[in-house]
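The structure appears right after this line, and notes come after that.
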Amino acid sequence: MAKLTSREQDYSKWYNELVVQADLAQHSDVKGCMVIKPYGFAIWERMREVLDGMFKATGHQNAYFPLFIPKSYMSREAAHVEGFAKECAVVTHYRLMNDPETGEIIVDPEAKLEEELIVRPTSETIIWNTYKGWIQSYRDLPILVNQWANVVRWEMRTRLFLRTAEFLWQEGHTAHATRNEAIEEATQMLDVYADFAEKWMAMPVVKGVKSEAERFAGAEDTYCIEALMQDGKALQAGTSHFLGQNFARAFDVQFQTKEGGLEYVWATSWGVSTRLMGALIMTHSDDKGLVLPPKLAPIHVVFVPIYKTDDQRAAVCEKGAELCDALIGQGYEAKLDDDDTKRSGWKFAEYELKGVPVRVAMGPRDLENGTVEIARRDTGEKELVPLEEAKDYIVKMLELIQEELYTKALNHRVAHTTRVDTWEEFKEVLEGKGGFIEAHWDGTSETEEKIKDATKATIRCIPLDQKEEEGRCIFSGNPSRGRVLFAKAY
RNA sequence: CGGGGCGUAGCGCAGUCCGGUUAGCGCACCUGGUUUGGGACCAGGGGGUCGCAGGUUCGAAUCCUGCCGCCCCGACCA
């Protein structure tokens with residue numbers, strides 16, 4: 001296995017190589033689409049499992065809506081169709097045939113669909129068209145539904161996990177009787193995402209609101225969590241939208257109030273995708289490969305036996321099996337790698353590449369001394385520990401790794417968040433150390449656009465905890481009431 | 001869609017400019033042996049419509065024409 005390109009040398013090459021070499025995913029033969037390999041999918045499954053539990057705990061239920069959306073639905077909400085029109089895959093026919101002349105398989109020109117179908121880029125339209133039939137009175141509200149699905153957005157340029165033509169995600173779609181209830185739902189789900197990112201992915205995030213230019217097509221407000229990657233670029237890790245009554249109006253979804261009036265329903269939608277995999281990778285990993293937070297690692301501990309003779313092998317593996325069983329008994333995934341066709345050094349490198357948080361090695365010397373060597377993936381530290389203490393030691397170590405990964409990532413973000421008051425300084429920080437920049441902005445899309453054209457930096461969000469502070473826009477010099485977060489983004 | 005690059009064994013590549021035995025190398029794979037505390041070594045072996053289709057030629061991976069696909073850089077985006 002070739003060595004990874006270092007992050008310093010070429011961060012984006014490092015990422016691409018890591019994803020492929022750690023067996024997370026590969027490019028498929030279909031342009032812009034990826035194959036998620038079993039090891040990568042195991043991580044996604046773990047994320048899905050945890051998030052699904054959090055959605056259920058907040059009162060949501062899962063359902064499933066169609067992959068195909070009639071073209072006419074898309075055009076009902078003006079901003080929505082405008083936002084997605086340029087990246088929609090369209091189904092126009094429903095049958096193939098053999099070309100009578102060449103014998104080749106061709107699209108049967110007779111089998112043209114009367115109404116073309118869009119492959120969903122998101123499901124608001126089909127869902128609100130359905131909700132119309134579900135909602136008559138205030139008693140039918142709220143509707144709290146989530147779906148796990150694939151969606152297609154025909155991207156020009158793609159990158160494994162970060163941007164692919166087809167990706168996996170979840171999309172929550174809720175319907176409420178009041179504006180406030182919907183806003184509460186949207187912010188609640190943002191909190192769920194932030195919680196998940198920080199407690200499970202060990203990835204600190206900034207909660208905020210998108211500017212008008214970055215807002216979801218069809219939303220009144222888009223809340224987001226923004227994370228900072230090791231290369232100083234920001235990554236939007238999740239979004240939660242307050243949709244107002246836009247979709248209710250577009251699909252004529254009204255309900256009768258207690259008082260007998262007729263009102264449009266208030267809506268939210270919220271989602272996270274396999275993009276979180278990219279975020280996870282770029283938050284913690286190093287030049288040796290993947291680094292995974294224990295809470296999401298498919299394998300927590302790997303035991304690598306070291307031996308010369310068959311007797312030694314049997315003896316060491318027996319101890320290894322006991323230790324693994326003990327860990328499994330405590331709810332951890334522990335793997336004894338007794339594969340005789342690979343040598344220990346090869347295994348060490350392999351598990352480091354795959355980000356297994358803790359590695360235990362035991363050889364003849366350890367057998368004699370009653371010890372094992374325990375190595376931490378994140379710091380690379382190794383320690384000799386008495387065998388009988390190994391289990392408890394490892395359990396504590398896993399907790400510690402989870403905490404310290406978060407702390408390390410948080411320190412990185414703090415160190416790469418810069419407060420800036422002039423345009424010169426803004427450009428300098430952006431070109432130099434990168435990261436988040438806290439700066440004053442006059443609140444207009446025109447200024448945001450001009451800053452983007454000049455520097456490629458965008459407003460990642462207006463932080464929810466933004467402090468009131470009189471200032472002047474770094475670009476236009478017009479008055480501003482508080483700082484927003486700028487960065488170059490993925 | 002514009003600019004660049006690439007397509008030769010499972011993967012990574014050389015060979016192409018300047019046509020000429022049986023198309024080569026590294027990794028991986030198989031067999032045997034020696035090894036085994038940080039990606040082992042030796043020996044032997046298997047594996048190819050040289051992206052596709054035409055053309056030029058005694059002869060094409062190599063030259064010509066057309067097509068297809070992918071990757072990278074830009075505009076668009078979770």
Side-chain angles (χ1 to χ4, degrees), chain A residues 1-4 10 12-13 16-17 20-21 23 26-34 82-88 102 104 121-122 150-171 193 210 213-217 219 222 224-227 234-241 269-279 288-289 304-310 312-313 316 338-354 359-369 371-373 375 380 382 384 452-453 456 458 460 489-490:
Chain A
M1 190 80 62
K3 276 230 167 66
L4 284 174
D10 187 339
S12 122
K13 200 172 171 195
N16 290 336
E17 289 178 3
V20 170
Q21 290 193 32
D23 253 352
Q26 65 181 75
H27 287 281
S28 78
D29 282 356
V30 185
K31 186 182 166 68
C33 294
M34 67 176 161
E82 204 196 314
F84 285 105
K86 281 171 286 181
E87 45 184 1
C88 283
T102 65
E104 270 179 275
T122 179
N150 58 337
V151 286
V152 169
R153 295 179 188 177
W154 214 260
E155 300 291 350
M156 302 293 190
R157 289 199 54 219
T158 59
R159 288 192 74 192
L160 293 173
F161 289 122
L162 296 175
R163 185 170 302 108
T164 47
E166 180 192 9
F167 57 95
L168 306 183
W169 77 345
Q170 58 69 217
E171 44 180 327
Y193 288 154
K210 287 292 188 189
E214 298 279 327
R215 192 180 296 157
F216 175 75
T222 287
C224 63
I225 51 172
E226 292 285 327
L235 187 130
Q236 178 177 307
T239 49
S240 181
H241 315 292
S269 69
W270 29 274
V272 294
S273 72
T274 35
R275 189 176 224 211
L276 287 179
M277 293 286 293
K288 285 199 227 162
V304 178
I306 293 160
Y307 52 85
K308 288 195 171 79
T309 67
D310 283 351
Q312 285 171 346
R313 183 179 175 212
V316 170
D338 59 357
D339 184 349
D340 192 38
T341 67
K342 305 272 195 290
R343 303 169 86 240
S344 52
W346 190 91
K347 291 177 186 175
F348 290 174
E350 183 68 11
Y351 291 113
E352 278 161 6
L353 180 61
K354 293 200 165 177
R359 181 190 74 223
V360 182
M362 187 181 205
R365 277 206 306 274
D366 294 309
L367 202 58
E368 224 170 276
N369 302 332
T371 57
V372 288
E373 182 195 79
K382 291 190 269 196
L384 277 180
K452 184 180 176 184
D453 288 345
K456 288 188 180 167
T458 49
R460 299 324 302 154
Y490 275 98

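Since the structure is predicted, the reported quantities are computational estimates derived from the model, not experimental observations. Every chain is numbered from 1, with letters handed out A, B, ... down the list of sequences.
Straight-line distance from the CG atom of A/Leu367 to the C1' atom of B/G37: 13 Å, rounded to whole Å. Between A/Lys347 atom NZ and B/G37 atom P there is a gap of 11 Å when expressed in whole angstrom units. Protein atom CZ of A/Arg313 is 15 Å distant from nucleotide atom P of B/G37, rounded to whole Å. One can place NZ of A/Lys342 at 16 Å from C1' of B/U35, the figure rounded to the nearest angstrom. Distance CD (A/Gln21) to P (B/C27): 16 Å, rounded to an integer number of Å. The nearest whole Å value for the distance from the OH atom in A/Tyr193 to the C1' atom in B/A78 is 11 Å. In this structure, the CZ atom of A/Arg365 is 12 Å from the P atom of B/U36, given to the nearest Å. Counting to the nearest Å, the P atom of B/A75 and the CD atom of A/Glu87 are 16 Å from each other.
Salt-bridge annotation for A/Glu226 and A/Lys210: present, with a side-chain N of the basic residue lying under 4.0 Å from a carboxylate O of the acidic one.
Here the side chains of A/Gln236 and A/Tyr490 are not in contact, with every heavy-atom distance at 4.5 Å or above.
If you take atom C1' in B/C63 and the same atom in B/U57, they sit 10 Å apart, rounded to whole Å. On the C1' atoms, B/C67 is 32 Å away from B/U22, given to the nearest whole Å. To the nearest whole angstrom, the two P atoms, one in B/G3 and one in B/G54, are 29 Å apart. B/C29 sits 39 Å from B/G66 when the C1' atoms are compared, rounded to a whole Å. With P as the reference atom, B/G20 and B/G59 are 15 Å apart, rounded to whole Å. Annotation: B/U16 and B/C11 have their P atoms spaced 23 Å apart (nearest Å). The separation of B/C17 from B/U62, taken at their P atoms, amounts to 9 Å, rounded to a whole angstrom. Comparing B/C27 with B/C64, their C1' atoms sit 36 Å apart, to the nearest whole Å.
Checking B/A78, B/G37, B/G38 against every side-chain atom of A/Glu352, the shortest atom distance belongs to B/G38. Comparing B/U36, B/A78, B/G38 by their closest approach to the side chain of A/Lys308 singles out B/U36. The A/Asn16 side chain lies nearest to B/C72 when the options are B/G37, B/C72, B/C76.
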Grab the N/O contacts between the protein and nucleotides 40-46 of chain B below 3.5 Å, and write none if there aren't any.
| from | atom 1 | to | atom 2 | distance (Å) |
| --- | --- | --- | --- | --- |
| B/A40 | OP2 | A/Arg343 | NH1 | 2.6 |
| B/A40 | O4' | A/Arg343 | NH1 | 3.0 |

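Within the 4.0 angstrom heavy-atom criterion, no nucleotide atom of any strand lies near A/Lys210. A/Gln236 comes within contact range of the sugar-phosphate backbone alone, with a heavy-atom separation under 4.0 Å but no base atom that close. Nucleic acid contact for A/Ser273: base, since at least one base atom lies under 4.0 Å from a heavy atom of the residue. Residue-level contact check: A/Thr309 touches neither bases nor backbone, having no heavy atom under 4.0 Å from any strand. Nucleic acid contact class of A/Phe167 (heavy atoms, under 4.0 Å, all strands): base. Within 4.0 Å of A/Leu162, counting heavy atoms only, lies at least one base atom of the nucleic acid.
Between the side chains of A/Asp338 and A/Tyr307, no donor-acceptor pair of N or O atoms lies under 3.5 Å. For the residue pair A/Asp339/A/Thr341, the side-chain donor-acceptor check at 3.5 Å is satisfied.
Dense packing is recorded around CD of A/Gln26, with more than 12 heavy atoms of other residues, nucleotides or ligands lying under 6.0 Å away.
Pairing for B/G37 is absent, with no Watson-Crick or G-U wobble pair whose two atom distances lie under 3.5 Å. Judged by Watson-Crick or G-U wobble contacts below 3.5 Å, the nucleotide B/U22 has no partner. Searching all strands for a Watson-Crick or G-U wobble partner of B/A43 with both distances below 3.5 Å returns B/U31. Across all strands shown, B/G5 is found opposite B/C70 as a Watson-Crick or G-U wobble partner, with both distances under 3.5 Å. Look at B/U16: it lacks any Watson-Crick or wobble partner with both distances under 3.5 angstrom. Pair assignment for B/C63: B/G55, on the basis of Watson-Crick or G-U wobble contacts that are both within less than 3.5 Å.
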Verify side chain to side chain contact (heavy atoms under 4.5 Å, CB included) between A/Gln170 and A/Trp270, making sure each step is shown before the conclusion. CA-CA 8 Å; A/Gln170 58 69 217; A/Trp270 29 274; 3.5 Å; yes
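Among residues two or more places apart in sequence or in another chain, the salt bridge (Lys or Arg N to Asp or Glu O under 4.0 Å) test is passed with A/Asp23 by A/Lys37, A/Lys354. In this structure, A/Lys288 has no salt bridge (Lys or Arg N to Asp or Glu O under 4.0 Å) partners at least two apart in sequence or on a different chain.
Within 3.5 Å, no donor on the side chain of A/Lys456 pairs with an acceptor on the base of B/G74, nor the reverse.
OP1 or OP2 of B/C71 has at least one side-chain nitrogen or oxygen of A/His27 nearer than 4.0 Å.
Positionally, the nearest nucleotide of RNA chain B for A/Arg159 lies more toward the 5' end than for the other of A/Ala489 and A/Arg159.
In this structure, A/Arg153 forms no cation-pi arrangement with A/Phe84, as its terminal cationic atom is not both closer than 6.0 Å to the ring centre and no more than 45° off the ring axis.
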